[in-house]
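Just so it is clear, the structure is predicted and the values come from calculations on it, not from any experiment. As the structure lists them, so they are numbered: ligands from 1, and atoms in each ligand from 1. Just so you know, residue 1 is the first one in the sequence shown, and it goes up from there.
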Amino acid sequence: MGEQTPYFVSVDEARAIADRTPLNTTAEVVGLELGDNRLLATDLISPIDDPPFDNSAMDGWAVQHQDTIHATPETPVTLAIIGTLPAGETSTTAAAVEAGQAMRIMTGAPMPEGADSIIQVEHTTVDESGQQVELHYPSKPNFIRRRGENISAGQMVFPVGTLLTPERLGLCATMGFGELQVQGKLKIAIISTGDEIIPVGQELKPGQIYESNSHGLAALVKWLGHAPTIHPNVADDLNSLRAALDEASRSADIIITSGGVSMGEFDFVRKIMEDEGDIHFWRVKLRPGSPPIFGTWKDIPIWGLPGNPVSSHVVFRILVAPWIRSQTNASGPREAKVRVRLADAVKVMADGLTLRRINLEFTPEGLVGRVTTHQGSNNLHGLATAGALTLLSPGTSGAVGEWIDALLL
Ligand code: AMP
Ligand code: MG
């Protein structure tokens, strides 16, 4: 590692350095049915007004409001029925509603000429002849849904980078888009290192543990809308590691490794990056998760995450995800920061962001946070059952009763 390599940097410095390492993004066209959790590659401008025409918000009667203003249950107003407009009515020749008249209308049917308001069916009765309707209340002009009140033609509805959530996909269909230009999914290679880790499905031998990081990291990659590939585990051995990184760099846009970035004799990810890679920073003021290394391997950005499962997850959330989001202009998935009152004390690190796992309780006074699980960075149960991570900067208090920021998990 050169003299100048940034070492033990703050979270903000790490993010700034990472942001100077660009990612190439591509675009592709997908059908709406495949748009879920993708990122728009272009601004989306509505070609149409929505609603495309004035229509009724109620099943009821289209009338002239002036006719109805004196209607009460005791002194109903009687109007002549002139026809029926169902939703989907396409004829433009429906009769105009004149004074003294009412047109039966269904929710979503176009407003007939002449009518300026709707009275819902529940407030009316039709006489025995079926020719007349009695109104027990005045009609309501605001039961008309106006053309363009939701979206107007030419409106920029979603900027580039918008994450297509279910509700946004629905709106894309409302605007009539059958296909969308989305960003290509980033191909993210995940490589776990360590002589002691074995894949699930095999029998544990003495000294071995199941490899878990790749599974959590792959799910985090998918959560961001990208494409993980879990590569075979790599032993603590320089040649195997070099071969694995070379292999990944031929196909991946980003490489994420776990393990082997600390100070130990067998921390070969750090060693190989020092000797053969390009390190942009190593170690971050973050607890848990201080060992990460970031740089490039054969020009491909590489994140060397710590092996401890809680640490690798936390570093992904705090550093890797924000970097990918900023490189892709992604609007999501959003990180929700909340205010929490501590019910248990948290020891705040003097030299780094303290991310303790807390459980949340909703109370009328707001969220209350408790430290209920073992906080060791190897103990994934604590993270898997936590509701949030504390975001405690150096110098802030983690005393009982403090209101602090926390990141929802
Ligand atoms: P390291 O960063 O390689 O020193 O690993 C730190 C700790 O995390 C050790 O106890 C490892 O056994 C454990 N560890 C490393 N990689 C993984 C993994 N992929 N899954 C589960 N635990 C791991
Ligand atoms: Mg290791």
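Looking only at heavy atoms of the protein, atom 20 (N) of ligand 1 is closest to S212 N, 3.0 Å. Of all protein heavy atoms, the one closest to atom 4 (O) of ligand 1 is D267 OD1, 3.8 Å. At the top of the distance list for atom 22 (N) of ligand 1, counting protein heavy atoms only, stands I209 CD1, 3.5 Å. Considering only non-hydrogen protein atoms, atom 11 (C) of ligand 1 sits nearest to E196 OE2, 3.0 Å. Looking from atom 2 (O) of ligand 1 to the surrounding protein, the closest heavy atom is G307 N, 3.0 Å. The protein heavy atom nearest to atom 18 (C) of ligand 1 is N213 ND2, 3.2 Å. The shortest contact between atom 19 (N) of ligand 1 and any protein heavy atom is with E211 OE2, 2.9 Å.
When only interatomic distances are considered, the shortest N/O to N/O separation between N308 and ligand 1 falls below 3.5 Å. When only interatomic distances are considered, the shortest N/O to N/O separation between S262 and ligand 1 does not fall below 3.5 Å. The N/O atoms of P309, backbone and side chain alike, include none that comes under 3.5 Å of an N/O atom in ligand 1.
Of the charged side-chain nitrogens involved, at least one lies within less than 4.0 Å of a carboxylate oxygen, so that R270 and E274 count as a salt-bridged pair. Ionic pairing of K285 and D351 is not present here: no N-O contact between side-chain nitrogen and carboxylate oxygen is shorter than 4.0 angstrom.
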| D278 vs H280, side-chain contact (heavy atoms from CB on, under 4.5 Å): CA-CA, chis, key distance, verdict | CA-CA 7 Å; D278 187 6; H280 297 187; 3.6 Å; yes

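Atom CG of D49 and atom CE of M175 lie 12.5 Å apart (nearest 0.5 Å). From E335, atom CD reaches atom CG of L389 across 9.5 Å, with rounding to the nearest 0.5 Å.
Heavy-atom proximity to S192, at under 4.0 Å, picks out these atoms of ligand 1: 19 (N). For ligand 1 and G260, the ligand atoms under 4.0 Å from any heavy atom of the residue are 1 (P), 2 (O), 3 (O).
Of the options E33, E28, E179, a salt bridge (charged side-chain N to carboxylate O under 4.0 Å, His left out) to R38 is made by E28 and by none of the others.
Close to ligand 1: S258, with a non-hydrogen atom less than 4.0 angstrom away. Residue contacts with ligand 1 include Y210, since one of its heavy atoms falls under 4.0 Å from the ligand.
Looking at heavy atoms from C-beta onward, F268 lies out of side-chain contact with D237 at the 4.5 angstrom threshold.
The aromatic ring centres of F8 and W282 sit 6.0 Å or more apart.
Counting non-hydrogen atoms of other residues, nucleotides and ligands closer than 6.0 Å to NZ of K271 gives a total above 12.
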